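Only one structure is covered here, and it is reproduced in the block below.
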Amino acid sequence: MASTCIVKYGIIGVGMMGREHLVNLHHLRPQGVVVVAIADPHLPSQQLALQLANSFSWPLKVFSGHQELLDAGLCDVLVVSTPNMTHHRILMDIINHPKPHHVLVEKPLCTTVSHCKEVVDAASKRPNILVQVGLEYRYMPPVAKLIDIVKGGSLGRVRMVAIREHRFPFLVKVNNWNRFNINSGGTLVEKCCHFFDLMRLFVGANPVRVMASGAIDVNHKDETYDGKVPDIIDNAYVIVEFDNGSRGMLDLCMFAEGSKNEQEISVVGDIGKGEAFVPESVVRFGKREAGRDGVQTLKAEDNRIKYDGLHHGSSYLEHLNFLSAIRAKGEKAPAVDLQDGLISVAMGVAAQLSIESGKFVSIQEVLN
């Protein structure tokens with residue numbers, strides 16, 4: 001055990017992602033991390049989390065609701081990995097609770113811009129609480145390597161970012177909550193806030209307006225839940241214009257299991273181009289002047305990762321990073337803050353509105 005103070009964690013929501021956080025935190029035990037409590041109203045999820053914790057010899061207090069966990073006063077840090085539509089209420093209860101708790105909340109921050117803004121405002125009144133948003137794609141080794149290349153100036157001034165996610169359909173979740181826009185915020189909020197966050201990071205600017213085209217063409221069309229047919233789109237193209245003149249483009253398809261890579265990211269500056277491929281974990285970059293023959297290929301790895309998990313080690317690095325911010329006692333801000341969470345949701349909401357209206361939608365309009 002590291003000679004450092006123990007940090008006690010609680011996990012609110014122990015479905016698939018909550019249990020993934022539990023395993024990641026188990027791999028951080030040498031850093032003085034311990035999970036002491038979980039909260040989830042869904043009994044099967046509780047039982048699966050308890051089995052996992054028992055296999056780690058971690059005794060857990062189990063609560064059916066987040067408020068009981070909060071009132072028990074057992075935790076220093078809370079991980080919120082509940083269905084999207086519950087984030088707002090849970091975050092407001094945590095932030096307004098007399099005992100301060102640091103929070104890592106799964107993406108998206110909330111399902112609506114107004115709810116995100118309420119959380120941002122409430123948190124600004126509690127400077128002793130750190131809140132990090134779980135936009136962990138930043139930490140995937142090939143993506144992190146490409147971010148370093150861009151920030152190092154090797155590509156010059158970034159003009160275009162193209163992100164392709166071609167993958168499998170949405171997984172089945174408890175009570176099928178993720179089949180409906182009202183619960184998830186819509187596919188472009190639920191799934192794609194990751195990519196909008198990366199675009200902002202690569203171009204170093206804020207979005208101005210968004211144009212999107214998308215539909216439900218293949219997935220979930222033959223499903224019904226309580227007589228309702230799912231309304232989440234399964235493919236889209238999204239164009240984003242930024243306030244420094246750069247552009248981003250997202251190409252999303254969720255019926256593309258026959259892909260070598262799930263994510264392909266291309267960043268083009270005025271003097272060079274870089275690409276990252278996940279899960280191949282390869283980065284390529286080259287300068288215009290050197291042409292095709294000058295393109296370098298790197299295998300991206302991070303030897304700090306002790307557990308790959310569902311997201312190629314990025315969740316482990318996310319926790320490592322947040323723990324370091326917590327231990328810095330206010331000297332260090334979370335790497336992905338509430339403003340990042342808010343803007344990534346606003347971009348997704350603007351894209352969803354653009355599909356409905358068939359027009360460009362300004363970010364200001366969405367934020368107001």
Side-chain angles (χ1 to χ4, degrees), residues 135-166 192-212 236-253 259-305 312-314 317-318 321 333 335-337 339-340 343-344 346-348 350-351 360 362-363:
L135 294 162
E136 84 285 340
Y137 277 44
R138 294 172 174 225
Y139 298 114
M140 286 183 181
V143 180
K145 181 67 188 168
L146 185 54
I147 291 168
D148 287 346
I149 288 168
V150 170
K151 299 299 179 199
S154 298
L155 310 183
R157 186 178 167 197
V158 173
R159 306 305 319 181
M160 301 178 80
V161 178
I163 300 179
R164 170 181 286 162
E165 177 166 74
H166 281 194
C192 302
C193 56
H194 278 306
F195 306 122
F196 299 135
D197 177 60
L198 290 180
M199 285 180 192
R200 278 184 73 223
L201 208 54
F202 284 125
V203 304
N206 278 314
V208 177
R209 60 179 195 156
V210 176
M211 177 74 199
Y237 290 118
V238 183
I239 296 168
V240 184
E241 294 179 350
F242 290 88
D243 59 13
N244 66 352
S246 303
R247 285 184 190 78
M249 195 272 287
L250 173 68
D251 164 2
L252 174 74
C253 180
S259 303
K260 186 173 174 78
N261 285 297
E262 197 172 308
Q263 288 96 24
E264 300 177 12
I265 300 171
S266 162
V267 181
V268 188
D270 51 9
I271 62 171
K273 174 183 172 179
E275 295 176 284
F277 300 91
V278 181
E280 236 181 332
S281 219
V282 164
V283 175
R284 294 194 186 98
F285 67 101
K287 298 269 174 76
R288 291 177 70 188
E289 61 191 19
R292 188 173 293 161
D293 294 338
V295 175
Q296 299 177 55
T297 301
L298 302 173
K299 187 76 178 165
E301 289 163 343
D302 190 321
N303 57 18
R304 293 173 300 166
I305 295 170
H312 316 290
S314 60
L317 295 173
E318 169 183 60
N321 186 288
V336 192
D337 64 18
Q339 193 64 21
D340 296 320
I343 301 296
S344 68
M347 292 168 79
F360 266 105
S362 84
I363 295 294

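The model shown is predicted, which means the values in this text are computed figures rather than measured ones.
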Checklist line | Spacing of OG belonging to Ser266 relative to CE belonging to Met249, to within rounding of 0.5 Å | finding: 9.0 Å

Check: Sequence neighbours excluded, which residues qualify as side-chain hydrogen bond (donor to acceptor under 3.5 Å, both in side chains) partners of Glu136?
Finding: none

Notebook entry, point to check: Are side-chain heavy atoms of Ser362 and Val208 found at a separation under 4.5 Å?
Noted result: no

Item checked: Residues, nucleotides or ligands: over 12 heavy atoms within 6.0 Å of Phe360 CZ -> yes

Margin query: Given Tyr139, which partner from the list Leu317, Ile305, Ile147 fulfils the side chain to side chain contact (heavy atoms under 4.5 Å, CB included) test?
Written below: Leu317

Notebook entry, point to check: Can Phe242 and Arg247 be said to form a side-chain contact (heavy atoms from CB on, under 4.5 Å), step by step?
Noted result: CA-CA 6 Å; Phe242 290 88; Arg247 285 184 190 78; 5.8 Å; no

Next item on the list: Search all heavy atoms of Gly153 against all heavy atoms of Ile271 and return the closest pair with its distance.
Entry: O-CD1, 3.9 Å

Margin query: Does Arg159 have more than 12 heavy atoms from other residues, nucleotides or ligands lying within 6.0 Å of its CZ?
Written below: yes

Checklist line | Min side-chain heavy-atom separation Val278-Tyr137 under 4.5 Å | finding: no

Notebook entry, point to check: Mind checking whether Val158 and Val150 have side chains closer than 4.5 Å, heavy atoms only?
Noted result: yes

Next item on the list: State whether a side-chain donor-acceptor pair under 3.5 Å links Asp251 with His166.
Entry: yes

Item checked: side-chain contact (heavy atoms from CB on, under 4.5 Å) between Val203 and Val161, worked out -> CA-CA 8 Å; Val203 304; Val161 178; 3.6 Å; yes

Check: With Asp337, which residues qualify under side-chain hydrogen bond (donor to acceptor under 3.5 Å, both in side chains), at least two apart?
Finding: none

Identify all side-chain donor-acceptor contacts of residues 288-301 below 3.5 Å with residues at least two apart in sequence or on another chain.
from	atom 1	to	atom 2	distance (Å)
Arg288	NH1	Asp270	O	3.1
Lys299	NZ	Glu280	O	2.6

Margin query: Measuring from atom CD of Glu264 to atom CZ of Arg164, what distance do you get when rounded to the nearest 0.5 angstrom?
Written below: 5.5 Å

Check: For the atom pair CD1 (Ile163) and CE (Met199), what is the distance rounded to the nearest 0.5 Å?
Finding: 4.5 Å

Next item on the list: Quick one: pull up CD in Gln339 and OG in Ser344 and give me the separation to the nearest 0.5 Å.
Entry: 10.0 Å

Checklist line | Min side-chain heavy-atom separation Arg209-Met211 under 4.5 Å | finding: no

Notebook entry, point to check: Out of curiosity, Met347 CE to Asn206 CG, how far, rounded to the nearest 0.5 Å?
Noted result: 8.5 Å

Item checked: Asn244 side chain near Arg157 side chain, heavy-atom distance below 4.5 Å -> yes

Next item on the list: Please lay out, stage by stage, how Asp302 and Lys145 fare under the test salt bridge (charged side-chain N to carboxylate O under 4.0 Å, His left out).
Entry: CA-CA 10 Å; Asp302 190 321; Lys145 181 67 188 168; over 6 Å; no

Margin query: Do the side chains of Asp243 and Arg200 get close enough for a salt bridge, i.e. N-O under 4.0 angstrom?
Written below: no

Notebook entry, point to check: Are Leu146 and Glu275 side-chain neighbours, meaning at least one heavy-atom pair lies under 4.5 Å?
Noted result: no

Check: So, Asn261 side chain and Gln263 main chain: donor-acceptor pair closer than 3.5 Å or not?
Finding: no

Checklist line | Approximate separation, where rounding is to 0.5 Å, of Lys273 NZ and Phe285 CZ | finding: 14.0 Å

Notebook entry, point to check: Do Leu135 and Cys193 have side chains that get closer than 4.5 Å, going by heavy atoms?
Noted result: yes

Item checked: Working for side-chain contact (heavy atoms from CB on, under 4.5 Å), residues Val238 and Phe196 -> CA-CA 10 Å; Val238 183; Phe196 299 135; 4.0 Å; yes

Item checked: Side chains of Ile265 and Phe277 in contact at under 4.5 Å (non-hydrogen atoms) -> no

Notebook entry, point to check: What closest approach, in Å, do Asp340 and Ala335 show between heavy atoms, and which atom pair accounts for it?
Noted result: OD2-O, 3.8 Å

Check: Has Met160 got more than 12 heavy atoms of other residues, nucleotides or ligands less than 6.0 Å from its CE?
Finding: no

